[in-house]
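Notes follow once the structure below has been shown.
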Amino acid sequence: MKQVFVGGLLAASAAAWNLDVHNQIGFMAETFLTPYTTSVLHEILESQYNGSIGKAGSWADGYAHTTEGRYSAPWHFIDTEDNPPTFCHLNYKHDCSSSGCVVSAIANQTEILKGCIKEVKDGSLTAGTNLTCSYALKWVTHFLGDISQPLHASGRAYGGNRFPVIFANVSTQMHKVWDAYIPYMDANVTEPFSNQSIDPFFASLVSRIKKEDFAQSPSTWLSCTDPSTALACATLWATETNKWDCEYVYQHVDNITDVATSGYAVGAFPIIELQISKAALRLGTWLNNLVEGNAHELDEQVEL
Ligand SMILES: *[C@@H]1O[C@H](CO)[C@@H](O)[C@H](O)[C@H]1NC(C)=O
Ligand SMILES: *[C@@H]1O[C@H](CO)[C@@H](O)[C@H](O)[C@H]1NC(C)=O
Ligand SMILES: *[C@@H]1O[C@H](CO)[C@@H](O)[C@H](O)[C@H]1NC(C)=O
Ligand SMILES: *[C@@H]1O[C@H](CO)[C@@H](O)[C@H](O)[C@H]1NC(C)=O
Ligand SMILES: *[C@@H]1O[C@H](CO)[C@@H](O)[C@H](O)[C@H]1NC(C)=O
Ligand SMILES: *[C@@H]1O[C@H](CO)[C@@H](O)[C@H](O)[C@H]1NC(C)=O
Ligand SMILES: *[C@@H]1O[C@H](CO)[C@@H](O)[C@H](O)[C@H]1NC(C)=O
């Protein structure tokens, strides 16, 4: 994706947490994986990623912009019938488009991934040779990030893509402000984050998760992380994400001339940090539950 510098701050043309933010959510999640999960995922991902869901975390955006992968573009969001800041709401059956949405895609790709994990365990899948499986893991990694971004779970102005705002004197739109401008400003960077290893800003979020340095214990973020109820969990996560559109994203925004300098961006930092942290911990836990949960089933079969 083309990167451009705007007003001293970095922006980009991706319509999702910026590519490098997706990489970083993946690197954060890697720190929560068990060694066994890590070894299983290594066999699922195409070899170019060397087993790293961080490196693989941004693939889905590029793919959605190819002719071949265009069908997957609707899977990155859910355009709910809401009207923030006065009305936030998500109704999966009504809001998920017939081409799919982030909620259905998480459920579908999780189900595919289950089969792939079984194939790794029975030795029929090694070295990332089954593309259906590598794609499923890359999509799950990416979509658990997208579903935590408030403007990926809101229908107002097409997820804020058609909601014009000024950021540091530059005319832009709300979606991009949350995908890119605010995270870069929060991390105080003028270059993209690495796509090869964890950046200090995200490493510090991992430390905070481990120290439970959030208003609510991170364990509360994991109330729904059983992959056998994927549709229910993804619906819950998206509903929770959508609430931010009423509680912050569109609050008072009509009166703000520049969201970078009005206090709006700074006020969004804790929300961005929370949502990214939730995404990473949920992703790591989800993958562990998928891999270790299957291991448990196999153990039971062996015992029989
Ligand atoms: C691949 O991953 C392994 C284990 O994480 C690491 O030791 C090795 O340096 C990596 N290789 C490359 C080429 O990144
Ligand atoms: C489920 O995933 C498969 C493989 O990517 C895809 O062909 C299919 O369209 C998906 N179905 C839904 C409902 O998303
Ligand atoms: C790839 O994995 C999928 C999902 O488990 C499976 O349905 C398919 O048969 C596999 N393809 C090959 C060539 O093994
Ligand atoms: C916005 O433009 C004004 C006037 O040119 C300038 O003083 C100010 O520093 C700019 N703000 C930012 C954040 O670039
Ligand atoms: C942001 O980065 C600049 C340049 O590296 C540095 O001078 C400044 O102190 C940093 N600000 C904060 C709040 O960390
Ligand atoms: C990783 O980042 C570098 C530097 O920004 C960029 O040149 C490269 O294309 C990126 N690689 C991928 C796979 O996105
Ligand atoms: C904008 O400011 C006006 C005047 O102060 C106020 O009446 C109005 O409620 C504000 N709107 C929002 C959305 O905050």
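As the structure lists them, so they are numbered: ligands from 1, and atoms in each ligand from 1. When a residue number appears, it is its place in the shown sequence, counting from 1. All values below were derived from every heavy atom in this structure, side-chain atoms included, with hydrogens, water molecules and symmetry-related copies excluded.
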Parallel, tilted or perpendicular, as decided by the 30° and 60° cut-offs, for the rings of Tyr71 and Tyr63: perpendicular
Selection residues 37-48 - residue pairs positive for salt bridge (Lys or Arg N to Asp or Glu O under 4.0 Å), sequence neighbours left out: Glu46-Lys138
Residue of the set Asn91, Asn242, Thr239 for which side-chain contact (heavy atoms from CB on, under 4.5 Å) holds with Thr80: Asn242
Contacts of Leu236 that satisfy side chain to side chain contact (heavy atoms under 4.5 Å, CB included) - sequence neighbours left out: Ser223, Cys224
Any donor-acceptor pair under 3.5 Å from Asp258 side chain to Ala168 backbone: yes
Between the protein and ligand 5, are there any N or O atom pairs that come within less than 3.5 Å of each other, and if so, what are their names and distances?
{"unit_1": "ligand 5", "atom_1": "2 (O)", "unit_2": "Asn188", "atom_2": "OD1", "d": "3.3"}
{"unit_1": "ligand 5", "atom_1": "2 (O)", "unit_2": "Asn188", "atom_2": "ND2", "d": "2.3"}
{"unit_1": "ligand 5", "atom_1": "11 (N)", "unit_2": "Asn188", "atom_2": "ND2", "d": "2.8"}
{"unit_1": "ligand 5", "atom_1": "14 (O)", "unit_2": "Asn188", "atom_2": "ND2", "d": "3.2"}

Distance filter under 4.0 Å to Asn195 heavy atoms, resulting ligand 6 atoms: 1 (C), 2 (O), 3 (C), 8 (C), 10 (C), 11 (N), 12 (C), 14 (O)
Min N/O separation Gln196 to ligand 6 under 3.5 Å: no
Results of side chain to side chain contact (heavy atoms under 4.5 Å, CB included) for Glu111 - residues two or more places apart only: Lys114
Short side-chain to backbone donor-acceptor contact, Thr285 and Leu281, under 3.5 Å: yes
